[in-house]
Amino acid sequence: MAMKIDGANFHERVEINLHNTFMRGAVAGAQERLHTRRLEAAEELGNWEEWRALGEEIRQHTLENLDYYLMQLSENVAKRGGHVFFAQTAEEANDYIRNVVIQKNAKKIVKSKSMVTEEINLNPVLEAEGCEVIETDLGEYILQVDDHDPPSHIVAPALHKNKEQIRDVFREKLGYKQTEKPEELALHARKMLRHEYLTADIGITGCNFAIAESGSITLVTNEGNADLVTALPKTQITVMGMERIVPTFEEMEVLVSLLTRSAVGQKLTSYITVLTGPRDNGDVDGPEEFHLVIVDNGRSNILGTEFQPVLQCIRCAACVNVCPVYRHIGGHSYGSIYSGPIGAVLSPLLGGYDNYKELPYASTLCAACTEACPVKIPLHELLLKHRQVIVEREEKAPISEKLAMKAFGLGAASPFLYKLGSKVARSALAPFTNDDRISKGPGPLKAWTEIREFPAPNKERFRDWFRKHQKGGGNDADWHDL
C-alpha cells in the first residue's frame with residue numbers, strides 16, 4: 001500500500017465520497033467524539049497552551065539540531081547491539097528490509113501500525129519475496145482482510161466502516177459466524193492473530209518517538225499488539241521517519257502526553273512501550289536481533305524551507321478531527337495515506353505537486369487545524385504557502401484561472417472598468433441566478449458552484465448604497481473612485 005492510494009484524480013474522488021452518506025455520517029460522528037474528548041482532556045490538564053508552547057519548542061529544537069540527534073541515536077543503538085540504516089529513498093529502505101528478510105529466510109512477518117511503512121509501500125515488496133505479511137493493529141487488519149482497502153484516517157484507519165460491514169468481511173474472508181457486536185468481532189480477530197504472533201519470523205513496527213540519549217524506541221498503542229510484535233519474533237525491524245526523534249526521555253514524556261490527549265482524549269493510552277535494542281542476557285523476551293531503518297524519503301528537502309514546521313507533526317490527527325473539509329469528503333478523497341490538513345500540507349512535499357497540487361485548495365482556511373495542533377504547526381499558513389508556490393514558482397495554476405486573475409487585475413486597476421463591471425455584473429449573471437443564488441456558474445465560478453451555491457451580486461452597489469445612507473461628514477468627491 002503506497003502513499004498514493006488511488007489513481008483517480010482529486011475531483012473524481014471527491015464526487016464519489018460526497019455521495020457516500022454512510023462514510024460522511026461515520027466521519028462526522030467520529031470527529032465529534034474525538035474533538036470533544038480532546039477538549040475535555042486539555043481542560044483537565046489546566047494549562048494546555050503552555051503545554052502546546054513547550055511541545056512546539058521541543059519539536060523546533062530537535063529539527064534545528066536533527067543531524068546531531070540522529071547521530072547520537074545511531075551511536076547508542078549500535079552500542080546496544082542494534083543495526084542502523086539511513087535510507088535516503090523509499091527504495092533504499094525497502095531494499096535493506098528485503099535483504100534482512102532474505103538473510104533470515106523469513107516466511108511470515110507480523111507488523112504493528114506504521115504510517116511510514118505504508119508511505120514506502122513495504123508490504124508488496126515483502127510479498128513479492130514470498131512472505132506472508134500480517135497487519136496486527138485491529139483497524140489495519142480489517143482493511144488488509146478486506147482486499148487491502150486503504151486507510152482513511154491517521155489514527156483510526158477503518159473509520160469509514162461500520163460494524164455490520166466488518167462482520168460481513170469477516171464472514172466472507174475468515175469464516176466468522178458470530179454477530180456484529182464489537183466485542184465478538186475483536187475476540188475473533190484476537191484468536192486469528194494469536195497464532196500469527198507465535199509463528200512469525202520477523203516483527204516490524206513503526207516508531208512514535210526515538211530517544212537519542214539512550215537509543216530507545218517508543219511505541220504508543222491501545223491494543224498491545226505492538227508489544228507482541230516486538231517480544232515474540234527473533235528479529236525486529238523498526239522503521240521511522242527521520243524527524244520522529246526527541247533528545248531525552250523528558251521530552252518524550254511531554255510529547256506522549258500531548259499525543260494521547262490530542263489523538264483520543266486519554267491521559268495515556270493503554271500501552272506506552274519503550275524498547276532499547278535486542279534482548280540482553282537475563283531478559284525473558286524480546287528480539288535476538290534489532291534493526292532500525294531511518295527513512296528520509298524527501299524529508300531533508302523540507303528542512304530549512306518555509307515548510308519545515310510540518311515536520312513537527314506527532315501524528316495525532318487532531319487537525320483531521322476538526323477539519324470541515326475532511327468531514328464532508330473523508331480520508332480517501334485525498335488520494336494519500338496522509339489525509340486531512342496535515343496530509344494536504346505534507347503529501348505535496350513528499351509526493352510532488354503533480355500528484356497532489358489540488359490538496360492545498362481543499363481547505364476553508366478557517367485555521368481550526370492550527371488551533372487544534374498540539375505542537376502549534378501553522379497549518380493554514382502552510383496551505384497558503386503551497387498555493388503561492390503552485391501559482392508563482394511551479395506555474396501549475398489552470399489556464400482558466402490565470403486568465404481570470406489577469407482579467408480581474410486589469411479590471412480592478414482601472415476605475416472605469418471597475419465601475420462598469422460592478423454595474424453590469426448582476427445583469428450578466430442573471431441567466432445563472434435563481435432566488436439570488438448562482439447554482440451553475442459560468443467560467444471561474446463553475447468549480448465553486450459544482451460544490452456549493454454562490455451568492456448573486458446585490459441589486460444595489462455598495463457605493464450607491466453608501467451615498468444614499470451617508471449622513472454628514474465626508475463628501476461625494478471622496479467616493480468618486482470607488
*K163/E180 under salt bridge (charged side-chain N to carboxylate O under 4.0 Å, His left out): CA gap, chis, key distance, verdict*: CA-CA 6 Å; K163 58 183 184 292; E180 67 277 5; over 6 Å; no
*Under the salt bridge (charged side-chain N to carboxylate O under 4.0 Å, His left out) rule, what do E135 and K113 come out as? Steps first, then yes or no, please.*
CA-CA 7 Å; E135 297 285 352; K113 185 174 181 293; over 6 Å; no
*After noting the C-alpha distance and the side-chain angles of K191 and E196, does the key distance pass the salt bridge (charged side-chain N to carboxylate O under 4.0 Å, His left out) rule?*
CA-CA 9 Å; K191 289 178 179 177; E196 310 295 2; over 6 Å; no
_One pair to check against side-chain hydrogen bond (donor to acceptor under 3.5 Å, both in side chains): T273 and D227. What are the steps and the verdict?_
CA-CA 7 Å; T273 306; D227 288 24; 2.7 Å; yes
*asked:* I'd like to know whether R167 forms a salt bridge (charged side-chain N to carboxylate O under 4.0 Å, His left out) with E184, so could you lay out the CA-CA distance, the side-chain angles of the two residues, the decisive distance to 0.1 Å, and finally the verdict.
replied: CA-CA 10 Å; R167 176 203 61 199; E184 294 178 354; over 6 Å; no
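Atom CD of E92 has more than 12 neighbouring heavy atoms from other residues, nucleotides or ligands inside a 6.0 Å radius. The local environment of NZ in K234 is sparse, with at most 12 non-hydrogen atoms from other residues, nucleotides or ligands closer than 6.0 Å. Residue E57 places its CD atom among 12 or fewer non-hydrogen atoms of other residues, nucleotides or ligands, all under 6.0 Å distant. Enclosure of atom CD in E250 is not indicated, since only 12 or fewer non-hydrogen atoms of other residues, nucleotides or ligands lie within 6.0 angstrom. At most 12 heavy atoms of other shown residues, nucleotides or ligands fall within 6.0 angstrom of atom OH in Y68. Counting heavy-atom neighbours within 6.0 Å of E371 CD, excluding the residue itself, gives a total of 12 or less.
In this structure, H332 contributes its side chain and P150 its backbone to a donor-acceptor pair below 3.5 Å. Between the side chain of R299 and the backbone N or O of L350, no donor-acceptor pair lies under 3.5 Å. For the pair N47 (side chain) and E50 (backbone), a donor-acceptor distance under 3.5 Å is absent. Remark: side-chain polar atoms of N94 are paired, donor with acceptor, to backbone N or O of I120 under 3.5 angstrom. The backbone N or O of I142 lies less than 3.5 Å from no partner atom in the side chain of D146, so there is not a single donor-acceptor pair. Panel note: side chain D280, backbone D283; no donor-acceptor pair is recorded below 3.5 Å. Here the side chain of S262 pairs a donor or acceptor atom with the backbone of L258 at under 3.5 angstrom. Side-chain atoms of R13 come within 3.5 Å of backbone atoms of S333 as a donor-acceptor pair (strictly under, hydrogens ignored). Between the E358 side chain and the Y353 main chain, no donor and acceptor come within less than 3.5 Å of each other. In terms of modelled atom types and a separation under 3.5 Å, the side chain of T218 and the main chain of F209 share a donor-acceptor contact.
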Atom pairs and distances, donor-acceptor, side-chain atoms in residues 373-385, under 3.5 Å, two or more places apart:
| unit_1 | atom_1 | unit_2 | atom_2 | d |
| --- | --- | --- | --- | --- |
| H380 | ND1 | T370 | OG1 | 2.7 |

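A side-chain donor from one of E119 and N297 sits under 3.5 Å from a side-chain acceptor of the other. Side-chain contact check for Q236 and T238: at least one donor-acceptor pair (N or O, by modelled atom type) lies under 3.5 Å. Side chains of H153 and N321: a donor-acceptor N/O pair is present below 3.5 angstrom, by distance only. Counting only N and O atoms by type, the side chains of K104 and T235 include no donor and acceptor under 3.5 Å apart. Side-chain atoms of D149 and H160 form a donor-acceptor pair, as typed in the model, at a separation below 3.5 Å.
One finds no salt bridge joining R261 and E44 here, because no Lys/Arg side-chain nitrogen approaches an Asp/Glu carboxylate oxygen to under 4.0 Å. We find that R52 and E49 are joined by a salt bridge, their nearest charged nitrogen and carboxylate oxygen being less than 4.0 Å apart.
Ring centroid separation for the pair H386 and Y361 does not come in under the 6.0 Å cut-off. Taking the six-membered ring where the residue is Trp, the centroids of H291 and Y96 are separated by under 6.0 Å.
Exactly one of T117, T205, T136 qualifies for a side-chain hydrogen bond (donor to acceptor under 3.5 Å, both in side chains) with K111. That residue is T117. Exactly one residue among N222, L219, V256 makes a side chain to side chain contact (heavy atoms under 4.5 Å, CB included) with T269. That residue is N222. Paired with D137 under the rule side chain to side chain contact (heavy atoms under 4.5 Å, CB included), one option of V229, T221, N225 passes, and it is N225.
Aromatic ring pairs are classed by plane angle as parallel below 30°, tilted from 30° to 60° and perpendicular above 60°; the pair Y141 and F170 is perpendicular.
A distance of 12.0 Å separates CE in M115 from CG in N208, rounded to the nearest 0.5 Å. Here the NZ-CE distance, from K161 to M23, works out to 12.0 Å after rounding to the nearest 0.5 Å.
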